[in-house]
Amino acid sequence: MKLPQITPSILSADFGNFRPEVESVAAAGCELLHVDVMDGHFVPVITFGPATVQALRKTVDIPFDIHLMVTDPEAHMEQFARAEGSHEYSFLTVHQEACSHLHRTLEKIHRLGMKAGVAINPGTAPSVLEAIMDQVDLVLIMTVDPGFGGQACINSCLDKISVVREMARKAGRDVIIELDGGIKLTNLDRAAAADVLVMGSAVFQGGDPEIAGRNFREAQKAFEEIYSRG
């Protein structure tokens, strides 16, 4: 995966039209697909299970970022890794708030053959990640409270980018920083301090695959231009 990167979230795609929409963004150059898994407990909504991930894997051969917004991620990780196919560059991302034993959870993700990601909610301070920074490959900073698509970005969360960047530097780790929630072309200037941006409704609109591909290309180009300016 080359950085910077827009990763479209299929949470905003047409649930009855997954295949053509995902194929469209892949054809437009997408190198990472974001899959929001919700259990109706950690967050109030239920979304996708391993069967959906398996169907997506049969559709495209690009890395996935499987974002587990679930209460007991360890109980489900193996199923999702199997369904995903343990692609060399795919991520399995768990919430710090949902993990009683985060070290063990990250170790298990690596044993499953996937990159390990940790997400933190808007109300969670980045300092909780200091003890596991040597094990994490990706930090996902939630810029909305998880559970629903289409929310507005909580701008104060963007201040966490520099904090996480410095923590990774001190740990000697090349950690990818990802933002998720309310990211659109209109607020890319500050968001572009991160490496990966999750976009849902800004890419997938109305179930039209052609529009999804076009929106992805426009967002990726804008992100690359701003990112290159530092």
Side-chain angles (χ1 to χ4, degrees), residues 1-14 20-36 60-67 87-91 93 115 117-120 122 126 136-144 149-169 173-230:
M1 182 181 66
K2 299 187 292 292
L3 298 178
Q5 184 61 258
I6 298 293
T7 173
S9 169
I10 64 166
L11 183 63
S12 295
D14 182 346
E21 287 201 282
V22 170
E23 287 175 339
S24 178
V25 295
C30 173
E31 296 180 353
L32 184 66
L33 187 68
H34 196 81
V35 183
D36 287 305
V60 288
D61 185 25
I62 60 176
F64 293 168
D65 178 15
I66 301 174
H67 179 191
H87 191 292
E88 181 183 2
Y89 297 107
S90 284
F91 297 88
T93 298
K115 304 287 187 183
V118 177
I120 53 172
V136 69
D137 302 300
L138 177 148
V139 171
L140 171 53
I141 299 171
M142 294 298 300
T143 45
V144 298
Q151 299 180 67
C153 176
I154 301 172
N155 290 324
S156 60
C157 295
L158 302 177
D159 297 334
K160 297 179 183 180
I161 300 171
S162 59
V163 178
V164 173
R165 187 82 70 194
E166 178 61 14
M167 289 168 56
R169 186 194 67 78
R173 296 280 293 172
D174 186 17
V175 173
I176 295 169
I177 299 176
E178 182 179 40
L179 300 184
D180 184 3
I183 305 300
K184 302 183 183 299
L185 291 177
T186 53
N187 61 5
L188 271 184
D189 280 352
R190 286 193 68 195
D195 305 308
V196 178
L197 305 181
V198 179
M199 283 191 173
S201 56
V203 172
F204 296 113
Q205 295 178 0
D208 188 324
E210 186 175 339
I211 291 175
R214 185 184 68 215
N215 287 346
F216 172 80
R217 283 191 296 269
E218 291 176 356
Q220 182 64 41
K221 182 179 179 182
F223 185 21
E224 288 174 352
E225 290 175 352
I226 297 171
Y227 192 94
S228 67
R229 296 200 298 265

Donor-acceptor check, side chain of Ser90 to backbone of Phe64, threshold 3.5 angstrom: yes or no? yes
With a 4.5 Å cut-off on side-chain heavy atoms, are Phe91 and Ile176 touching? yes
Does Arg169 pair with Glu166 as a salt bridge, N-O distance under 4.0 Å? yes
Report yes or no: does Asp195 contribute a side-chain atom to a donor-acceptor pair with the main-chain N or O of Ile177 at less than 3.5 Å? yes
Does a donor on one side chain and an acceptor on the other come within less than 3.5 Å for His34 and Asp36? yes
Could you check whether Lys184 and Ser201, counting side-chain N and O atoms only, form a donor-acceptor pair closer than 3.5 Å? yes
Restricting to non-hydrogen atoms, name the atom on Phe223 and the atom on Leu188 that form the minimum distance, rounded to 0.1 Å. N-CD1, 4.0 Å
Note, Lys160 side chain near Leu179 side chain (heavy atom, < 4.5 Å): no
At their closest point, which heavy atom of Asp14 faces which heavy atom of Gly207, and how far apart are they? CB-CA, 3.7 Å
Scanning both residues in full, the closest heavy-atom pair of Cys157 with Thr143 reads CB-CG2, 3.8 Å
State whether the side chain of Asn187 and the backbone N or O of Gly182 hold a donor-acceptor pair below 3.5 Å, judged by distance alone. yes
Rounded to the nearest 0.5 Å, what's the gap from CD1 on Ile161 to CZ on Arg190? Could you check? 7.5 Å
Would you call Met199 and Gln220 a side-chain contact if the rule is heavy atoms closer than 4.5 Å? no
Is the backbone of Pro209 close enough, under 3.5 Å, to the side chain of Ser24 for a donor and an acceptor to pair up by distance? yes
Where Ala191 and Leu197 come nearest, the two heavy atoms and their spacing: O-CD2, 3.4 Å
Would you call Glu224 and Pro4 a side-chain contact if the rule is heavy atoms closer than 4.5 Å? yes
Under the side chain to side chain contact (heavy atoms under 4.5 Å, CB included) rule, what do Met142 and His67 come out as? Steps first, then yes or no, please. CA-CA 11 Å; Met142 294 298 300; His67 179 191; 3.5 Å; yes
Kindly indicate whether the side chain of Lys115, heavy atoms from C-beta on, has any atom under 4.5 Å from the side chain of Thr93. no
Which one of Ile62, Val196, Val198 satisfies the side-chain contact (heavy atoms from CB on, under 4.5 Å) criterion with Leu32? Val196
Val136 and Val175: which non-hydrogen atoms are nearest, and at how many Å? O-CG2, 3.7 Å
Of the non-hydrogen atoms in Val164 and Pro126, which two are nearest, and what is the gap between them? CG2-CB, 4.0 Å
With the side chain counted from C-beta on, respond yes when Arg165 and Val139 share a heavy-atom pair under 4.5 Å apart, and no when they do not. no
Assess whether side chain to side chain contact (heavy atoms under 4.5 Å, CB included) is satisfied between Glu218 and Ile6, documenting all intermediate values. CA-CA 10 Å; Glu218 291 176 356; Ile6 298 293; over 6 Å; no
I need the Arg173 CZ to Met167 CE distance, nearest 0.5 Å. 12.5 Å
